[in-house]
Every structure is written in C-alpha cells, then in structure tokens.
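Being a predicted model, the structure only gives us computed values, none of them experimental.
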Amino acid sequence: MMVENGRHPLTGWQIPALVVGGLALVAGIVGGMAHAQIFFRGYLVGFLFCVGLALGSLAVLMIQYLTGGVWGIVIRRQLEAATRTLPLVALMVIPILLALPMLYPWARPEVVANDPLIQHKTIYLNVPFMIARAVIYFVVWIGAAMFLTRKAKEFEETGSPETALGLRKVSGLGLVALAITITFSTVDWGMSLDPHWFSTMYGLAFMIEHMLSAFAFAVVILVTLSGTRPLSEVLLPSHLRDLGNLLLAFVMLWAYLNFSQFLLIWYANLREEVTFYLPRMEGFWGGVSLLLIVFHFFLPFFMLLMRAIKDRPSTIRLVAALILLMHLFSLLWLVVPSIQWAEAHGLGLGAGDGHGDAHAAGTPVSWIDFVVPIGLLGLWFGFFINRLSTASLLPMNEPYVQEALSGEAVHHG
C-alpha cells in the first residue's frame with residue numbers, strides 16, 4: 001500500500017506549488033528586466049536554497065545508511081525524494097552559468113584587466129573551468145543519488161546483508177566526495193562573489209547549512225504526513241525527539257562554525273578579510289545579522305532543549321519551519337552584500353565604464369530578491385511531491401521498520 005486510500009496526501013499541493021512558483025518566477029523576470037543583476041542575485045539565492053535541500057538530504061541519507069538507527073527510517077522517503085530532484089536543480093544552474101558576468105567580477109574581462117589580485121586567480125576562476133566544475137559536481141551528485149536509491153530498493157526487496165554493507169561502504173566514501181564537491185561548489189557559487197575575500201571555513205559552514213535546512217525540511221514534511229498510514233502506525237514521540245535532538249545538534253554546529261569564522265577574522269583584523277563582515281555589521285544587513293542570531297540560533301536552540309516541544313508534532317514543525325525561513329535570510333545575507341560590496345568598490349557590472357547598476361548598489365534588498373527564490377522553490381517543491389508520491393511513505397520491508405513498529409504511535413488530533 002503506497003498511502004492511505006491509494007492517494008498521496010501531498011498530491012493536492014503539487015499544482016498550487018507549480019502555479020505559485022511559475023507566477024513568482026514570471027513576476028521576478030518582469031521586474032528584473034530593468035535590473036537584471038537583481039534578478040540574477042535573487043535567482044542565485046533560490047538556486048542555493050534548492051541545491052542545499054537536495055544535497056543536504058543526500059548527506060543526511062548517507063549518514064543514516066552509515067550509522068543506522070530508527071530516526072532515519074521515518075524520514076527516509078523524504079530524503080530520497082529530495083535527492084531525486086537533483087536533475088531539476090542541474091537545469092536550474094544553467095541560467096547562472098549563462099549569466100556569470102552579471103554576478104561574478106572575475107567573469108568580466110574589464111575587471112580582471114585592472115585587478116592584479118584577480119589575475120592571480122584566473123587559473124581557477126575562469127568561465128570555462130567554472131562550467132566544467134559545475135558539470136562534474138552534478139555528475140557526482142546525481143550518480144550518488146541514483147546509486148543509493150537503486151541499492152536501497154534492492155535492500156528493501158531482498159534484505160541482503162551484502163547490500164546493506166555495500167550501502168554503508170558507498171555512504172562512507174560518498175560523504176567524503178560530498179564534502180569535497182560541496183566545498184568547491186560553495187567557493188564557486190558563493191565565496192567567489194567577492195574574489196578578494198576568502199575563508200577556509202566557508203565551505204564547511206555552507207555544508208552544515210545545507211544539512212540543517214534539509215533536516216528541517218524533512219521534519220516539516222514528516223509531521224505533515226504523520227496522520228497518514230503507514231506513518232500514523234509507526235511514528236512515536238521518541239522518533240520526533242531523536243529528530244529534534246539531531247536538529248539541535250546541527251543548529252549548534254551551524255552557530256559554532258559561523259561564530260568561529262567571525263571570531264578568527266575579527267581577532268586577526270586583516271584588511272583583506274574584514275571586508276566580508278563590515279557591510280554585514282551596519283545598516284540593513286546589521287539588522288539581518290541580529291535577526292539570524294536570535295531566530296536562527298538562540299530561539300531554536302532554547303526551544304529544542306525542551307522535551308515537550310520535541311515530542312509534539314505541531315511544535316517541532318514550528319521550530320523546523322522557522323529554521324527554513326531563517327535559512328532564506330541567511331542566503332540573502334551571504335549573497336547580496338557581497339554583490340553590493342563589489343558594486344561599491346568598482347568590481348561590479350560595468351566597472352570601468354560608468355554603467356554599473358546603481359539601483360543594485362544603492363538598495364539593500366528588493367522584492368525581486370524574495371519573489372525569485374519563492375518561484376524556484378515552488379517549482380522544486382512541485383517536483384519533490386512528484387518524486388515522493390512514487391513510493392510508499394515507509395520502506396516497510398526493511399528490518400528497522402519492524403523495530404519502529406514496536407510501541408505506541410503518536411496521537412493526532
């Protein structure tokens with residue numbers, strides 16, 4: 001039995017998600033006709049959100065195969081469905097690759113010609129190599145997702161110990177490959193927005209951000225589906241508590257890495273490093289920094305310390321949804337100030353000829369920065385529902401599921 005009454009409970013959300021996504025994207029395109037750079041920076045934020053959900057799900061899935069545990073069984077289908085959206089995400093990266101000069105100073109010959117520091121980085125930061133790396137990333141990610149999905153289906157059908165061992169081995173190697181490729185991809189798509197700045201912690205912090213958002217998304221979907229068979233017969237308060245504890249761990253790790261990066265740069269106080277934080281410590285972006293500190297760390301941290309919140313589906317979903325919302329602001333905080341700093345310091349679009357986008361440089365944030373990510377997320381979520389509806393909500397034939405069946409399920413109402 002796939003789901004109760006043979007119809008997936010999220011099927012009714014698919015068309016609205018696609019419609020909202022399509023309309024939002026069209027609105028963003030129309031608004032971006034006058035300010036193309038604003039459209040593409042919003043597009044980059046939306047793309048990073050989508051790729052983060054898919055890659056974070058792939059990483060969590062590999063961790064679950066490697067370590068085992070019932071906690072992963074109840075979110076297995078959500079994680080698998082999210083990883084199977086990677087072909088769509090691969091298509092989403094194409095507009096970014098076609099419009100690299102809109103976002104990245106190192107992709108503009110007139111900027112490179114007048115900047116000795118960027119000239120030293122052109123061996124790595126050049127358009128053909130950037131495109132080639134993007135192709136490699138998605139080949140690795142899609143290949144890993146397809147292999148895990150195929151092997152998981154084989155294990156569910158046969159219960160073979162050899163297949164289970166193979167899943168663990170591949171997951172161990174896959175996590176190493178993910179760490180390498182995610183690090184390089186975040187340098188490409190995020191850190192190189194300001195080619196003068198660098199941080200060795202940036203890639204790791206971004207990877208944890210991906211996993212945190214994927215975990216939060218999986219919890220939201222799990223609770224939304226928790227009243228549907230067979231999840232309603234399996235899900236226990238202890239499962240939600242375990243997921244809440246893991247969510248708490250990722251919140252703490254996200255805060256630790258970001259604070260450590262800030263502390264090291266603040267203590268060293270080097271001119272080439274402080275440029276990342278200076279525009280994010282004052283004005284509008286200073287307010288966003290405070291928002292992230294309070295609602296992306298402190299509030300989720302203290303709420304997830306409480307067992308009563310973690311055990312109740314409605315409250316843990318509220319915390320997870322808050323983390324997802326703050327994830328959007330975190331991506332805006334990472335992307336937009338870097339582009340604006342480049343504009344303000346002569347590295348932006350039209351640098352050297354006086355034709356830069358003054359609107360992009362002078363306005364902290366635009367409605368397009370929110371509408372375009374909503375458009376991409378709507379399309380991604382519609383495709384996610386399609387992928388999720390092709391399988392049962394639980395891998396019922398796996399041994400761990402029988403362990404999960406022992407106990408009293410969560411009460412709904």
| With a cut-off of 6.0 Å (strictly less than), are more than 12 heavy atoms of other residues, nucleotides or ligands near CE of Met281? | no
| said: Walk me through whether Phe47 and Tyr43 qualify under ring pair (Phe, Tyr, Trp, His ring centres under 6.0 Å). | reply: CA-CA 6 Å; Phe47 167 75; Tyr43 189 96; 7.3 Å; no
| query | Strictly under 6.0 Å, is that where the ring centroids of Phe206 and His210 end up? | reply | yes
| query | Under a 4.5 Å cut-off applied to non-hydrogen side-chain atoms, are Lys151 and Val170 in contact? | reply | no
| What do you reckon, is CZ of Phe301 surrounded by more than 12 foreign heavy atoms closer than 6.0 Å? | yes
| query | Just checking, any donor-acceptor pair under 3.5 angstrom between side chains of Arg387 and Thr83? | reply | no
| request: Report the distance from atom CD1 of Ile316 to atom CD1 of Ile309, rounding to the nearest 0.5 Å. | output: 9.5 Å
| Contact check, side chains of Leu377 and Phe49, non-hydrogen atoms, under 4.5 Å | yes
| Any luck finding a side-chain donor-acceptor pair between Thr122 and Trp106 under 3.5 Å? | no
| Beyond-backbone contact of Ile118 with Leu125, side-chain heavy atoms, under 4.5 angstrom | no
| query | Do Ser330 and Glu209 have side-chain N/O donor and acceptor atoms under 3.5 Å apart? | reply | yes
| query | Side chains of Gln340 and Trp285: donor-acceptor distance under 3.5 Å anywhere? | reply | yes
| field | Ring center gap for Phe370 and Trp367 short of 6.0 angstrom | value | no
| request: Would you confirm whether the ring centroid of Phe217 sits within less than 6.0 angstrom of the ring centroid of Phe384? | output: yes
| Just checking, any donor-acceptor pair under 3.5 angstrom between side chains of Arg41 and Ser338? | no
| task | Would you check if the side chain of Arg108 reaches a backbone N or O of Pro101 as a donor-acceptor pair within less than 3.5 Å? | result | yes
| Do Phe329 and Trp333 have ring centroids that are under 6.0 Å from one another? | no
| field | Over 12 non-hydrogen atoms of neighbours within 6.0 angstrom of CE in Met252 | value | no
| Asp242 side chain vs His239 backbone, donor-acceptor pair below 3.5 Å | no
| query | Nearest 0.5 Å, what's the CG-CG distance between Leu292 and Leu332? | reply | 9.5 Å
| field | Trace of the ring pair (Phe, Tyr, Trp, His ring centres under 6.0 Å) decision for Trp141 with Phe138 | value | CA-CA 5 Å; Trp141 297 337; Phe138 280 104; 5.1 Å; yes
| Strictly by modelled atom types, are Thr224 and Arg317 linked by a side-chain donor-acceptor pair under 3.5 Å? | yes
| said: When you measure from the side chain of Asn245 to the backbone of Arg241, do you find a donor-acceptor pair of N or O atoms at a distance under 3.5 Å? | reply: yes
| message | Going by side-chain contact (heavy atoms from CB on, under 4.5 Å), name the residues that satisfy it together with Thr183, two or more places apart in sequence or in a different chain. | response | none
| task | Determine whether Val365 and Val336 make a side-chain contact, defined as any pair of heavy atoms from C-beta on separated by less than 4.5 Å. | result | no
| field | Full working for side-chain contact (heavy atoms from CB on, under 4.5 Å) between Ser392 and Arg77 | value | CA-CA 8 Å; Ser392 61; Arg77 294 308 192 204; 3.4 Å; yes
| said: So does Ile385 get a backbone contact from the side chain of Gln14, meaning a donor-acceptor N/O pair under 3.5 Å? | reply: no
| message | Test of understanding: with side-chain hydrogen bond (donor to acceptor under 3.5 Å, both in side chains), list the residues that count as partners of Arg133, not counting sequence neighbours. | response | Tyr124, Asp188
| query | Lys310 side chain to Gly244 main-chain N or O, any donor-acceptor pair under 3.5 Å? | reply | no
Enumerate, atom names and distances included, each donor-acceptor pair closer than 3.5 Å involving a side-chain atom of residues 268-277, sequence neighbours excluded.
residue, atom, partner, partner atom, Å
Tyr277, OH, Gln261, NE2, 3.0
Tyr277, OH, Phe262, N, 3.4

